[in-house]
Asker: 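One structure is given below, represented as structure tokens, and several questions about it will come after.
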Amino acid sequence: MEPRPRAGYSARGRRPHQACGQSRTESDGMAFVTLRRNLCHLPDLRIHGALAALKSRPANPVLHASRERLCPRPCSLQAESFRVGLRRACGRKFHAENGAGPRPAGEPLSSPVGPWDRLEQSLPREQEQVHSERLDGFRSAGEVLAFVSSLDTLPDGVAARALQRLCELEKRHGDRGPPADLLEDSVFRAVCLQLEQELPRLSGTSLVAAFRALTLLQVDPQSSLMGALAAECQNRLTRGGLDAPSLCALGESLITLQGPGCAAVDSVLCQLQGENVETLTPENIMALYRILQACPEKVSQHQALLNRLNSVSLSVVSYLSPKSISQMLSALVVLDQTQALPLVIKLGKHVVRHIPRFTSEELGKVLDAFIYFGQHDRFFTKALEQHVAALCLSLDAEVVSRVVEYCGRKLILSQPILDAAAETFVCQPEKFSPSQISKLIEPFGKLNYLPPNAPALFGKLEARLATHFSYFPPKALLKLLHSCSLIEYHPVNFMPKIFSPFFLQQLQGEGSYLDRVSLAQLTQLFLTSVLECPFYKGPKLLPKYQVKSFLTPCCSLETPVDFQLYKSVMIGLIDLFGARLYFASKVLTPYCYTIDVEIKLDEEGFVLPVSVDEDVYKRVALCIDGPQRFCSNGKHLLGKEAIKQRHLQLLGYQVVQVPYHEIEVLKSRLELVEYLQRKLFPQNTAARW
């Protein structure tokens with residue numbers, strides 16, 4: 001664990017505290033807040049240091065004055081209310097004087113101990129560290145408050161750390177608004193009151209730490225306490241008296257309260273440009289990433305700072321928690337740090353060991369980053385397989401759908417993941433939302449994979465679509481049904497709906513035309529209904545919604561032929577046929593598919609020149625399948641290529657597949673010619689033309 005910055009250090013340098021009686025600057029000063037050990041003026045806190053009293057106190061009207069510091073509402077209590085067991089630390093015990101008349105309306109609240117004129121006592125650094133370690137060991141807010149109330153003197157550093165610890169403990173319950181019990185606690189209010197009164201004398205570290213803790217505790221930003229803290233922090237920021245860790249904490253607080261567009265955040269980032277980020281702790285580094293992530297439009301102004309930060313982060317990756325790793329990856333995505341691939345790769349290696357510990361949201365951020373940066377490896381996939389397969393029925397639906405979506409996006413055919421996802425959907429279909437169902441089913445078609453329980457899977461899917469058809473977003477629904485058709489589970493019962501003018505209008509939305517991908521998917525579904533579902537007699541897709549070619553520059557339903565592989569096969573075909581005129585390249589058929597190489601044969605099996613259209617008995621479609629037409633982790637053909645070859649066969653073509661992995665093992669042109677001859681004419685020992 002990285003050591004936390006200690007209160008009492010100077011803003012720019014780390015100087016030890018001066019002895020009592022010596023002068024120090026206002027920014028370096030360390031104020032002490034003192035609490036009477038027994039808080040004797042409170043009728044409900046007469047038990048000395050009793051934890052039970054802290055846990056079960058009734059509301060106390062004596063503390064209404066301190067409530068004004070936390071809640072911006074009028075208060076007319078007497079000045080005596082502010083003598084809540086406070087005393088001054090000046091080397092001797094000091095009891096608050098009793099008796100004070102009512103405070104006139106509008107008069108500023110007076111301090112229960114009077115103004116601080118100088119600091120004459122301080123705890124040794126070692127003792128303050130002991131206090132901080134004790135605070136870290138507490139497991140409830142009551143323990144923290146009991147410890148604070150038991151101290152004779154409360155250094156500002158310990159007070160700030162106590163607030164931080166309270167924040168950490170309360171945040172375990174999630175973001176459910178301000179913890180009312182804590183904000184109403186008398187000790188908590190007394191600490192806040194005294195901190196407000198001693199703002200000018202607080203060290204920069206303690207000031208910012210207290211501000212950050214109260215911000216995370218969601219204390220009303222309009223309260224006098226938060227207003228005073230914010231004003232003092234901005235004053236210190238203007239004077240340039242804050243160190244790098246304090247600047248990081250202050251930047252996050254300002255973004256929370258005022259938004260990323262406030263001028264003070266720009267000042268924080270500008271001052272951080274001149275700081276030595278190499279000395280930052282992992283916690284500070286993460287805070288700086290979060291600040292920059294909140295201001296992506298300013299990344300060009302601070303790219304130099306980001307470059308240094310990315311470089312420094314390489315050395316702290318091994319110390320990051322799963323939450324921090326996911327946050328860092330998410331920040332790199334938002335900030336478009338494609339040049340930080342060494343950092344992404346190192347984060348990816350450490351992701352593997354943390355997969356079981358990620359929350360659903362954190363794992364989603366990791367998967368998004370891997371997709372964005374194009375990162376994947378077999379170790380990560382193996383860890384995902386073990387995690388999903390072992391806990392498939394207990395995993396959150398979002399986790400299952402995001403993991404399967406990741407496999408689809410990266411073209412990873414992982415049978416354990418897909419089988420586990422299919423089993424989860426069959427057993428618990430009701431826990432998946434329409435968008436999650438689309439993410440879950442689409443990769444099965446994309447990867448051309450049918451799980452062992454495919455009939456049950458698509459039976460559940462059909463039942464869900466029948467009852468919730470209108471709940472699916474139009475484009476997600478079209479992708480879902482198109483994916484089903486890729487693996488020969490044709491959505492015949494839903495074709496009348498998706499070919500209807502009403503659905504097509506929904507699909508178009510507010511735009512003036514349908515996008516190219518949607519039109520191509522509709523066309524292929526219509527072609528599927530004609531070729532593979534001849535019994536379908538429902539509405540047809542109107543010609544104006546049909547494309548002429550499935551091969552488009554982007555988001556194509558066909559994969560362009562690999563150029564180098566194509567050249568090799570071309571050379572072999574020329575050697576085999578003796579001339580280039582006996583085959584055609586990249587032929588667009590009337591059925592929207594583009595054939596890599598087309599060869600015409602007559603009735604006797606002789607090869608005809610491509611210019612001849614008479615006496616054509618058979619057409620051969622040579623599919624030159626490069627690596628991009630297969631899953632990234634094997635030799636399994638993708639769904640869009642499988643349906644293309646299936647449709648070409650139904651259209652009367654003799655489909656001959658020439659996969660890259662068979663070509664790569666050939667060592668000479670002679671072997672290539674012999675290979676092509678066996679592929680094209682398996683029943684003959686020699687070609688005829």
Side-chain angles (χ1 to χ4, degrees), residues 371-372 374 405 408-411 434-435 437-439 441-448 472-487 490-491 494-533 538-563 566 585-596 621 623-626 628-630 637-648 650-651:
I371 293 171
Y372 185 84
E405 181 189 23
R409 295 281 293 272
K410 303 306 297 181
L411 303 181
S435 61
I437 293 175
S438 298
K439 293 177 184 177
I441 300 299
E442 187 180 349
F444 285 91
K446 197 172 188 178
L447 300 171
N448 189 28
F472 284 79
K475 287 191 177 182
L477 179 62
L478 178 59
K479 287 182 180 180
L480 171 63
L481 299 178
H482 178 260
S483 296
C484 293
S485 71
L486 295 180
I487 45 180
H490 308 301
F494 304 102
M495 285 182 179
K497 293 184 178 181
I498 62 174
F499 293 154
S500 68
F502 176 74
F503 179 81
L504 294 174
Q505 184 62 42
Q506 283 186 316
L507 192 63
Q508 180 175 326
E510 297 181 357
S512 57
Y513 57 89
L514 277 172
D515 63 277
R516 174 78 185 187
V517 176
S518 297
L519 290 174
Q521 290 172 338
L522 285 167
T523 304
Q524 196 167 51
L525 275 171
F526 173 66
L527 189 60
T528 298
S529 71
V530 173
L531 296 177
E532 301 189 64
C533 308
K540 308 295 184 182
L541 183 66
L542 296 177
K544 69 176 182 178
Y545 294 110
Q546 299 178 25
V547 299
K548 302 299 182 182
S549 172
F550 292 139
L551 186 62
T552 54
C554 63
C555 303
S556 175
L557 297 190
E558 292 184 74
T559 306
V561 65
D562 183 273
F563 182 69
Y566 169 75
S585 301
K586 302 177 182 178
V587 178
L588 177 62
T589 69
Y591 308 100
C592 309
Y593 292 110
T594 299
I595 300 174
D596 299 330
C623 296
I624 306 173
D625 296 329
Q628 294 81 10
R629 295 183 179 181
F630 294 86
L637 201 65
L638 294 176
K640 63 181 179 180
E641 301 303 325
I643 193 175
K644 172 184 175 180
Q645 296 183 15
R646 194 167 69 241
H647 282 183
L648 288 176
L650 291 172
L651 290 167

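The residues of the chain are indexed from 1 along the displayed sequence. What's counted below: heavy atoms across the whole structure, side chains too, no hydrogens, waters or symmetry copies. Bear in mind the structure is a predicted one, so any value in this text is a computation, not a measurement.
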Asker: Of all heavy-atom pairs between Phe472 and Pro434, which one has the smallest distance, and what is that distance?
Answerer: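 Between these two residues, the closest heavy atoms are CE2-O, 3.5 Å.
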
Asker: Would you please test Leu411 and Phe630 for side-chain contact (heavy atoms from CB on, under 4.5 Å) and show each step?
Answerer: CA-CA 8 Å; Leu411 303 181; Phe630 294 86; over 6 Å; no

Asker: Among Leu527, Leu522, Val530, which residue satisfies the side-chain contact (heavy atoms from CB on, under 4.5 Å) criterion with Leu541?
Answerer: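 Between Leu541 and the candidates, side-chain contact (heavy atoms from CB on, under 4.5 Å) is satisfied uniquely by Leu522.
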
Asker: Apply side-chain contact (heavy atoms from CB on, under 4.5 Å) to Lys497 and list each qualifying residue two or more places apart in sequence or on a separate chain.
Answerer: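 side-chain contact (heavy atoms from CB on, under 4.5 Å) check on Lys497 returns Phe469.
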
Asker: Where is the tightest heavy-atom contact between Gly626 and Asp562, given as atom of each residue plus distance?
Answerer: CA-CB, 4.2 Å

Asker: Can you list the residues that meet the side-chain hydrogen bond (donor to acceptor under 3.5 Å, both in side chains) rule with Glu641, with sequence neighbours excluded?
Answerer: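 Here the qualifying residues are Thr559.
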
Asker: Please round to the nearest 0.5 Å and tell me the distance separating atom OG of Ser529 and atom CE of Met495.
Answerer: 5.0 Å

Asker: Show every salt bridge (Lys or Arg N to Asp or Glu O under 4.0 Å) that has at least one partner inside residues 512-524, sequence neighbours left out.
Answerer: Lys475-Asp515

Asker: Just jot down the ring pair (Phe, Tyr, Trp, His ring centres under 6.0 Å) partners of Tyr372, sequence neighbours excluded, or say none.
Answerer: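 Here no residue qualifies.
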
Asker: Would you say that Leu650 contacts Glu532 through its side chain, given a criterion of any heavy-atom pair below 4.5 Å between the two side chains?
Answerer: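 The answer is yes, as the side chains (C-beta and beyond) meet within the 4.5 Å cut-off.
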
Asker: Go through it in stages, so that I can follow the logic: the residues are Val587 and Thr594, the test is side-chain contact (heavy atoms from CB on, under 4.5 Å), and I'd like the CA-CA distance, side-chain angles, deciding distance and then a yes or no.
Answerer: CA-CA 5 Å; Val587 178; Thr594 299; over 6 Å; no

Asker: With sequence neighbours left out, what residues match Asn448 under side-chain contact (heavy atoms from CB on, under 4.5 Å)?
Answerer: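 Checked Asn448 against side-chain contact (heavy atoms from CB on, under 4.5 Å); matches are Ile487, His636, Ala642.
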
Asker: Table please: side-chain donor-acceptor pairs of residues 550-557 below 3.5 Å, with sequence neighbours left out.
Answerer:
| from | atom 1 | to | atom 2 | distance (Å) |
| --- | --- | --- | --- | --- |
| Thr552 | OG1 | Cys554 | O | 3.0 |
| Ser556 | OG | Phe550 | O | 2.7 |
| Ser556 | OG | Thr552 | N | 3.3 |
| Ser556 | OG | Glu558 | N | 3.0 |
| Ser556 | OG | Glu558 | O | 2.7 |

Asker: For Phe502, check side-chain contact (heavy atoms from CB on, under 4.5 Å) against everything at least two apart and list the hits.
Answerer: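 With sequence neighbours excluded, Phe502 shows a side-chain contact (heavy atoms from CB on, under 4.5 Å) to Ser500, Gln506, given in chain and number order.
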
Asker: Which residues pass the side-chain hydrogen bond (donor to acceptor under 3.5 Å, both in side chains) test with Ser549, sequence neighbours left out?
Answerer: none

Asker: Would Lys586 and Val561 satisfy side-chain contact (heavy atoms from CB on, under 4.5 Å), going step by step from the backbone distance to the final call?
Answerer: CA-CA 9 Å; Lys586 302 177 182 178; Val561 65; 3.9 Å; yes

Asker: Ignoring hydrogens and angles, write down the donor-acceptor pairs under 3.5 Å from the side chains of residues 478-486, residues two or more places apart or on other chains.
Answerer:
| from | atom 1 | to | atom 2 | distance (Å) |
| --- | --- | --- | --- | --- |
| His482 | NE2 | Gln524 | OE1 | 2.6 |
| Ser483 | OG | Lys479 | O | 2.9 |
| Ser485 | OG | His482 | O | 2.6 |

Asker: So how far is it from Thr528 OG1 to Arg646 CZ, rounded to the nearest 0.5 Å?
Answerer: 7.0 Å

Asker: Among all residues two or more places apart in sequence or in another chain, which pass the side-chain hydrogen bond (donor to acceptor under 3.5 Å, both in side chains) test with Arg629?
Answerer: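 Asp596, Asp625.
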
Asker: If you look at every heavy atom in Pro496 and Pro539, which pair is closest and at what distance?
Answerer: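 Result for this residue pair: CB-CD, 3.7 Å.
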
Asker: Could you measure the distance from the CZ atom of Phe526 to the CG atom of Leu542? Nearest 0.5 Å is fine.
Answerer: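 Reported value, rounded in 0.5 Å steps: 9.5 Å.
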
Asker: Which heavy atom of Pro491 sits nearest to which heavy atom of Leu525, and what is that distance?
Answerer: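 Heavy atoms only, the tightest pair is CG-CD2, 4.3 Å.
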
Asker: State the OH-OG distance between Tyr545 and Ser518, to the nearest 0.5 angstrom.
Answerer: 12.0 Å

Asker: Between Phe503 and Leu477, is the side-chain contact (heavy atoms from CB on, under 4.5 Å) condition met? List the steps.
Answerer: CA-CA 10 Å; Phe503 179 81; Leu477 179 62; 3.8 Å; yes

Asker: Can you name the residues that form a ring pair (Phe, Tyr, Trp, His ring centres under 6.0 Å) with His647, not counting sequence neighbours?
Answerer: Tyr593

Asker: I need the Ile371 CD1 to Arg409 CZ distance, nearest 0.5 Å.
Answerer: 4.5 Å

Asker: Between atom CD1 of Ile441 and atom CD of Glu405, what is the distance when rounded to the nearest 0.5 Å?
Answerer: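 With rounding to 0.5 Å, CD1 (Ile441) is 13.0 Å from CD (Glu405).
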
